[in-house]
Amino acid sequence: MRVRTLLLLRWLAILGQLTAILFVGVVLEFDMPLAACLGLVALAAWTNVFLRIKFADNRRMPEGWTTAVMAFDIAQLTLQLGLTGGLTNPFALLLIAPVMVSATTLSAGRTLTLGVLVLLAATVLVIAHAPLPWYSGEHYSPPFLFIGGIWLSLVCSLIFMGSYAFRVSEENRLLADALGATEIVLSREQNLHALDGLAAAAAHELGTPLGTILMVAREMERELDPGSALYDDVTLLRSQAERCREILGQLKSLGEDGDSPLVRLNVHTLLEEVAGPHRGVGIEIDILLAGDTGEQPIVPRNPAILYGLGNLVENAVDFASTLVRVSAEWTEEDLTIVIADDGPGFTDDVLDRLGDPYISRRASDKSSDQRGGGLGLGIFIAKTLLERTGATVTFEKRAGATVTVAWPRRILRSMLPERN
């Protein structure tokens, strides 16, 4: 709870007590222990001063301190009521005020504790209390049955109003959490849609110069002697230019299923297709399969799945020392793919933020001339694309970096095209 809010509420309560005491004792001239009542008001005021000094630099007061302050307020008000008539005092209803505040700001356990404390205080006030302040020489004493009725009404009000306030507050908290989560998802979707537009623009703009490079590379390859020292370099240049064209084609069709005849893949074929472009760079890629059922799951040849898994494998290869292990496990309900490398792993400070744009550090920084472009925008795109297909993506630091992608198989089955 905010310190300023709590102190303001307590100052209002202190001012109210002081006004009521002075009006009854001075203006109405009723017989009452004026000095003792004013002393309790002064004690409450000094606790407010103490709290202002102690929490001067804090924006919110810890739950434990808030509970203790409210328990003190219940005890202080109980003493005031004990000196001024107990439950026959019209202000006895204010005993439930701290519980109402607690129900809207504190946990259910702490609110229940304060409610029990109020119940005990009200019960004590039924038995032990001074006479209600009244005119000099007169004594006002309602029958015990009337006091019992006040106690019962106080208990019923405490239970009903406390429960109602807690439920309303809890629903507001859940709604606020849901709105916060929705804002995060919408922000991620907006970022991805912006990247979709940039990818389409980049594919369009790069298409012409890339076509020119590819044409020149092919002409040079035809003119060079296959035994020439430059022939292998030109062949590599042509193959990489063709791969760039394929990547640009994938970027333009990430939201489509494509017209490939191979629209159904088993898990092994999927992993081989994902890992294939990243072999031959000095890092070994092992593919392991294990499942509770005999047949491998069938998955759709979805560009989002291919690109997302491919990006995760590429990052693993970039940071691995010697080995990347891609394993698939399945049951009747789930399919889980784990991509692990033997590199430095993720740093603790970025592990919880992986999947956000532009988070790009591993456990050891790499210079610009080394392999590995980082774990920023690519991981964000891969994670968002995979989550769009119904997957859950988690990042862990074990011996190296480990990424787990899991789908419910019913979702994968629903994505499969119907057989003709």
Side-chain angles (χ1 to χ4, degrees), residues 1-14 16-17 20 40-41 43-48 50-52 54-55 58-129 144-181:
M1 188 175 184
R2 289 186 62 189
V3 174
R4 181 179 179 182
T5 301
L6 181 59
L7 295 186
L8 178 60
L9 291 174
R10 298 188 81 238
W11 281 124
L12 289 175
I14 291 169
Q17 288 187 25
L40 289 173
V41 172
L43 179 61
W46 278 112
T47 58
N48 242 18
F50 167 75
L51 293 173
R52 181 66 183 87
K54 181 173 180 59
F55 295 100
N58 291 8
R59 297 182 61 185
R60 292 189 178 274
M61 185 178 292
E63 265 204 9
W65 271 92
T66 305
T67 306
V69 170
M70 291 183 180
F72 170 85
D73 290 341
I74 293 172
Q76 188 261 1
L77 183 57
T78 301
L79 291 176
Q80 287 280 28
L81 293 172
L83 293 172
T84 56
L87 295 187
T88 61
N89 190 316
F91 293 102
L93 186 64
L94 291 176
L95 273 173
I96 68 175
V99 180
M100 298 301 100
V101 175
S102 173
T104 59
T105 57
L106 301 181
S107 63
R110 296 184 185 276
T111 301
L112 182 61
T113 300
L114 293 176
V116 172
L117 182 60
V118 169
L119 181 61
L120 292 176
T123 303
V124 170
L125 288 175
V126 172
I127 303 171
H129 61 84
F144 183 79
L145 187 60
F146 178 79
I147 298 176
I150 295 176
W151 179 88
L152 184 60
S153 67
L154 187 65
V155 172
C156 293
S157 299
L158 175 67
I159 295 174
F160 174 76
M161 295 179 65
S163 301
Y164 177 79
F166 180 79
R167 288 306 308 163
V168 171
S169 177
E170 184 66 17
E171 289 179 3
N172 288 336
R173 283 193 286 264
L174 292 175
L175 180 60
D177 292 342
L179 290 175

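- Note: Ile74 CD1 to Leu79 CG = 12.0 Å, rounded to the nearest 0.5 Å.
- Of the listed residues (Thr113, Val118, Val101), just one forms a side chain to side chain contact (heavy atoms under 4.5 Å, CB included) with Met70, and that residue is Val101.
- The CZ atom of Phe166 lies 7.5 Å from the OG atom of Ser107; values are rounded to the nearest 0.5 Å.
- In this structure the side chain of Val126 reaches within 4.5 angstrom of the side chain of Phe144, judged on heavy atoms.
- Of all heavy-atom pairs between Gly162 and Ala103, the closest is O-CB, 3.7 Å.
- Within the structure, the salt bridge (Lys or Arg N to Asp or Glu O under 4.0 Å) test picks out the following pairs touching residues 97-117 (sequence neighbours left out): Glu63-Arg110.
- A 4.5 Å side-chain heavy-atom check between Leu83 and Leu40 finds at least one atom pair inside the cut-off.
- Atom CG of Leu43 and atom CD of Gln76 lie 7.0 Å apart (nearest 0.5 Å).
- To the nearest 0.5 Å, the span separating CG on Leu94 from CG on Leu77 amounts to 6.0 Å.
- Among residues two or more places apart in sequence or in another chain, the ring-ring contact (aromatic ring centres under 6.0 Å, His included) test is passed with Trp65 by Phe55.
- Heavy-atom contacts from other residues, nucleotides or ligands closer than 6.0 Å to CG of Leu145 number 12 or fewer.
- Here the side chains of Thr111 and Val99 are in contact, with some heavy-atom distance below 4.5 Å.
- Ser102 contributes atom OG, which lies 13.0 Å from atom CD1 of Ile96 (distance to the nearest 0.5 angstrom).
- The stretch residues 85-103 participates, sequence neighbours left out, in no salt bridge (Lys or Arg N to Asp or Glu O under 4.0 Å) pair at all.
- Looking only at distances, no side-chain donor or acceptor of Asn89 sits under 3.5 Å from a matching main-chain atom of Leu81.
- Inter-residue side-chain proximity for Arg10 and Phe72 is flagged as met; some heavy-atom pair is nearer than 4.5 Å.
- For the pairing with Leu95, the side chain to side chain contact (heavy atoms under 4.5 Å, CB included) check across Asp73, Leu117, Leu154, Leu119 returns one residue only, Leu154.
- Side-chain contact between Thr66 and Arg60 is absent, with no heavy-atom pair separated by less than 4.5 Å.
- Considering Leu7, Leu8, Val69 as possible partners of Asn48, the one that fulfils the side chain to side chain contact (heavy atoms under 4.5 Å, CB included) test is Leu7.
- Between Ala122 and Leu87 the shortest heavy-atom distance is O-CD1, 3.8 Å.
- Between atom CH2 of residue Trp46 and atom CD1 of residue Ile14 there is a gap of 12.0 Å, rounded to the nearest 0.5 Å.
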